[in-house]
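Remember, it's a predicted structure, so these values are computed and weren't measured experimentally.
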Amino acid sequence: MQTIISTIQGFFEKYMFWINPPKANVTDIVEILIITFLFYEVLVWIKDTRAWMLFKGILVILLFILVAAFFQMSTILWLASKMANVVLIALVVIFQPELRKALEQVGRRRIVASLFNFGTLQENGRFSDKTIQELVRASFAMGEVKTGALIVVEQDIVLAEYERTGIDLDAVLTSQLLLNIFEKNTPLHDGAVIVRGNRVTAATCYLPLSDSMNISKELGTRHRAAVGISEVSDSLTIIVSEETGAVSTAKGGEIFRGLTQDELRAQLVEIQNAERPQASRLQLLQRRLKHVKEAGKETDA
């Protein structure tokens with residue numbers, strides 16, 4: 001019996017440290033907060049870049065190695081240990097553009113303001129119904145006069161790296177603005193426009209060209225660029241053909257040609273209502289307080 005008691009006591013002392021947690025001073029708490037903040041910022045940075053897909057692939061490989069360690073697969077573990085240093089160097093090379101941009105963003109950001117950034121709330125989706133109407137109106141107005149256009153509508157993956165290749169605008173999206181941008185022989189007509197929410201963030205942006213062999217040979221560089229950006233992001237790109245005036249879209253590496261106004265509107269509504277960002281805790285608390293006050297007023301009345 002004494003042996004059993006000793007074994008149980010040793011187990012609790014070894015694994016149940018939370019029953020008698022170690023003492024933590026102010027320095028330890030500050031250190032934990034700093035590490036938590038840095039870890040969160042790294043995850044946010046990864047999610048907002050193409051590195052997110054690579055990061056998920058790395059997680060799959062790590063899970064595979066964990067399974068190999070559990071079943072004591074010595075050959076796989078030996079290969080993993082020998083390749084560890086090479087993989088670390090390869091990651092630095094692969095993520096070199098993202099790492100450089102991340103350091104640039106750290107230099108530009110206001111650290112104190114970011115600590116108290118509780119996020120944004122979009123109760124009406126990614127963009128308003130008015131923005132959808134303006135996009136549809138502009139696209140088919142340009143199609144009637146065969147004005148070529150390339151409009152990238154951003155979703156979850158931030159397209160900041162492609163914004164930097166163009167000219168910053170940060171203007172409210174209207175059909176008149178888009179028509180003026182893509183008017184022939186104007187300074188901003190060449191390249192793509194990036195739309196974030198209800199605003200045009202940049203114009204004359206350069207997009208990556210797709211290497212897909214499934215794209216029809218009758219389609220030009222504008223359509224290939226639209227497919228290219230859809231392959232590396234979750235954006236929806238609207239293309240207006242300069243030759244035929246047809247309106248098409250590209251999403252997920254696929255191109256949808258010859259759309260009607262209703263079909264284009266339906267695609268925009270679909271991404272408008274897709275997984276809206278959640279309200280921040282501060283905004284939820286403000287809303288609850290507002291409801292409590294309104295309920296109190298009704299009770300008094």
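- The two residues S233 and I229 make their nearest non-hydrogen contact at OG-O, 2.7 Å.
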Counting only pairs under 3.5 Å, give me each side-chain donor-acceptor contact of residues 69-81, with atom names and distances, residues two or more places apart or in other chains.
residue, atom, partner, partner atom, Å
Q72, NE2, A69, O, 3.1
S81, OG, L77, O, 3.3
S81, OG, W78, O, 2.7

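- Remark: R222 engages L150, I239, E242 in a side chain to side chain contact (heavy atoms under 4.5 Å, CB included) (not counting sequence neighbours).
- Contacts of E144 classified as salt bridge (charged side-chain N to carboxylate O under 4.0 Å, His left out), with partners at least two apart in sequence or in another chain: none.
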- What do the steps show when you test L219 against I255 for side chain to side chain contact (heavy atoms under 4.5 Å, CB included), and what is the final call? CA-CA 11 Å; L219 299 179; I255 190 165; 3.9 Å; yes

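- Between S128 and Q272, the closest heavy-atom pair is C-NE2, 3.7 Å.
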- Worked verdict on V240 versus I151 for side chain to side chain contact (heavy atoms under 4.5 Å, CB included): CA-CA 9 Å; V240 181; I151 306 169; 5.8 Å; no

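- Between L38 and I34, the closest side-chain pair of non-hydrogen atoms falls below 4.5 Å.
- Residues E218 and R257 are paired through a salt bridge, judged by an N-O separation under 4.0 Å between the basic side chain and the carboxylate.
- Residues in residues 179-193 take part in no side chain to side chain donor-acceptor pair (under 3.5 Å) pair, two or more places apart or across chains.
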For residues 261-269, which side-chain N or O atoms pair as donor and acceptor with protein atoms under 3.5 Å away, sequence neighbours left out?
residue, atom, partner, partner atom, Å
D262, OD1, R265, NH1, 3.1
E263, OE1, T260, N, 3.0
Q267, OE1, T249, OG1, 2.8
Q267, NE2, T249, OG1, 3.4

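- With 3.5 Å as the limit, one finds no donor-acceptor pair spanning the side chains of E154 and S235.
- Considering all non-hydrogen atoms of both residues, T165 and C205 come closest at OG1-CA, 3.6 Å.
- In terms of modelled atom types and a separation under 3.5 Å, the side chain of S230 and the main chain of G253 share a donor-acceptor contact.
- Every residue two or more places apart in sequence or in another chain that forms a side chain to side chain contact (heavy atoms under 4.5 Å, CB included) with R199 is listed here: D170, V172.
- Here the closest non-hydrogen pair linking A203 and L169 is CB-CD1, 3.7 Å.
- T204 has its side chain out of reach of I181: every pair of non-hydrogen atoms, C-beta onward, lies at least 4.5 Å apart.
- The two residues Q155 and L236 have their closest heavy-atom pair at NE2-N, 4.4 Å.
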